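For reference, the structure is listed below as structure tokens.
Since we're looking at a predicted model, the values are computed, not measured. Positions are given from 1 along the sequence.
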Amino acid sequence: MAAERWPQAELLGLEPSEVGVRRSLAKVPHARFIADDIMADADVPADLENWATHAVCSEVLEHVDDDVGLLVAARRLMTPGCRLVITVPGGRMSAFDRHIGHRRHYTPASLASVLSRAGYRVEDTAGAGFPFFNLYRRVVIARGERLVEDVSSGDGSPGPLARAAMFGFRPLFRLNATRSPWGTQIIGVAQTPVA
């Protein structure tokens with residue numbers, strides 16, 4: 001988590017949901033969180049125009065209809081030359097992915113195309129997460145509709161079996177290759193244009 005890795009950094013989170021803001025504040029109380037849909041042409045607070053020198057967009061683009069538009073809108077919060085790191089899922093979409101709102105998955109080439117069309121200078125895109133993230137994805141795909149049923153019953157949180165599987169995979173994820181042509185987690189690094 002960024003707050004642990006860089007405790008002196010000023011952190012800002014944008015979230016379209018008030019519930020998401022409350023949950024985020026509970027986890028990182030010293031960060032600033034704003035409930036805002038930057039796609040809605042809402043006014044950005046003046047102190048946030050060209051604010052960020054580094055930005056992360058993790059597991060977001062696959063959920064929005066206009067991924068290029070989101071990245072264009074986000075640029076007004078970033079300084080020229082701001083480094084942006086993006087993570088998105090790759091590989092086949094599962095029933096669970098569709099259930100949680102994935103509209104698409106990416107390849108390194110398709111993520112690079114989205115970043116370029118949004119006006120960013122692409123530094124790198126690659127697959128990551130081999131072999132354990134790939135294995136995790138295969139388990140999710142194999143579980144299929146049953147996983148959707150698991151999280152749809154009750155309060156929407158994963159059941160004990162799903163929580164145990166996630167707990168078991170967590171330490172294995174640290175052993176993944178950070179760059180691999182077989183990785184089904186897609187990572188991109190880009191910069192905003194310098195005037």
Side-chain angles (χ1 to χ4, degrees), residues 1-90 93-94 96-106 110-111 114-115 117-120 125 128-129 133 136-137 140 147-148 151-152 154-158 162-163 166 170 173 185-192:
M1 179 193 300
E4 294 169 1
R5 180 92 187 251
W6 301 287
Q8 72 286 0
E10 290 181 65
L11 300 175
L12 168 70
L14 293 175
E15 165 67 48
S17 154
E18 291 285 348
V19 172
V21 166
R22 284 193 301 275
R23 286 181 180 165
S24 298
L25 274 171
K27 291 179 181 179
V28 190
H30 68 277
R32 180 177 176 188
F33 292 95
I34 297 174
D36 189 4
D37 180 358
I38 63 171
M39 295 285 291
D41 288 330
D43 290 332
V44 172
D47 65 322
L48 296 181
E49 288 279 346
N50 298 310
W51 178 82
T53 58
H54 295 77
V56 175
C57 181
S58 184
E59 308 306 303
V60 173
L61 294 183
E62 68 274 13
H63 293 277
V64 298
D65 290 325
D66 184 3
D67 50 2
V68 172
L70 176 74
L71 291 171
V72 168
R75 280 192 7 222
R76 42 187 188 157
L77 301 166
M78 301 178 203
T79 61
C82 173
R83 176 159 284 147
L84 171 65
V85 176
I86 293 181
T87 66
V88 289
M93 259 206 289
S94 69
F96 182 71
D97 293 323
R98 284 187 279 286
H99 175 74
I100 61 173
H102 288 198
R103 283 144 169 87
R104 74 195 71 73
H105 281 186
Y106 294 80
S110 67
L111 179 58
V114 166
L115 286 162
R117 288 184 287 141
Y120 291 80
T125 58
F133 186 80
Y136 170 78
R137 292 282 307 140
V140 168
L147 182 57
V148 172
V151 299
S152 295
D155 65 357
S157 61
R163 281 195 308 274
M166 288 186 281
R170 194 169 295 134
F173 287 165
Q185 183 68 20
I186 309 302
I187 298 173
V189 179
Q191 281 191 322
T192 57

Ignoring hydrogens, what is the shortest heavy-atom contact between [X] and [Y]? Give both atom names and the distance.
X    : Y    : value
M39  : A73  : SD-CB, 4.4 Å
R76  : I38  : NH2-O, 3.1 Å
M78  : A55  : CE-CB, 4.1 Å
F133 : F173 : CA-CE2, 3.7 Å
E59  : V88  : OE2-N, 3.6 Å
I187 : A128 : CD1-CB, 3.5 Å

Would you be so kind as to tabulate the donor-acceptor pairs closer than 3.5 Å made by side chains of residues 12-22, with sequence neighbours excluded?
unit_1: E15; atom_1: OE2; unit_2: S17; atom_2: N; d: 3.3
unit_1: S17; atom_1: OG; unit_2: V19; atom_2: N; d: 3.1
unit_1: S17; atom_1: OG; unit_2: G20; atom_2: N; d: 3.0

Over 12 non-hydrogen atoms of neighbours within 6.0 angstrom of CZ in F33: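 More than 12 within 6.0 Å, yes.
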Please check if the side chain of T192 supplies one atom and the backbone of G81 the other of a donor-acceptor pair under 3.5 Å.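 Between the backbone of G81 and the side chain of T192 there is a qualifying donor-acceptor contact (under 3.5 Å).
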Can I get a per-line list of side-chain donor-acceptor pairs under 3.5 Å for residues 60-67, giving both atom names and the distance, sequence neighbours left out?
unit_1: E62; atom_1: OE1; unit_2: V60; atom_2: N; d: 3.4
unit_1: H63; atom_1: ND1; unit_2: I100; atom_2: O; d: 3.2
unit_1: D65; atom_1: OD1; unit_2: R103; atom_2: NE; d: 2.6
unit_1: D66; atom_1: OD1; unit_2: G69; atom_2: N; d: 2.8
unit_1: D67; atom_1: OD2; unit_2: Y106; atom_2: OH; d: 2.7

Identified side-chain contact (heavy atoms from CB on, under 4.5 Å) counterpart of V68 within the set L71, L70, V72: V72
Hits for side chain to side chain contact (heavy atoms under 4.5 Å, CB included) against E10, two or more places apart or cross-chain, chain-then-number order -> W51
Under 3.5 Å, is there a donor-acceptor pair between the T79 and T53 side chains? no
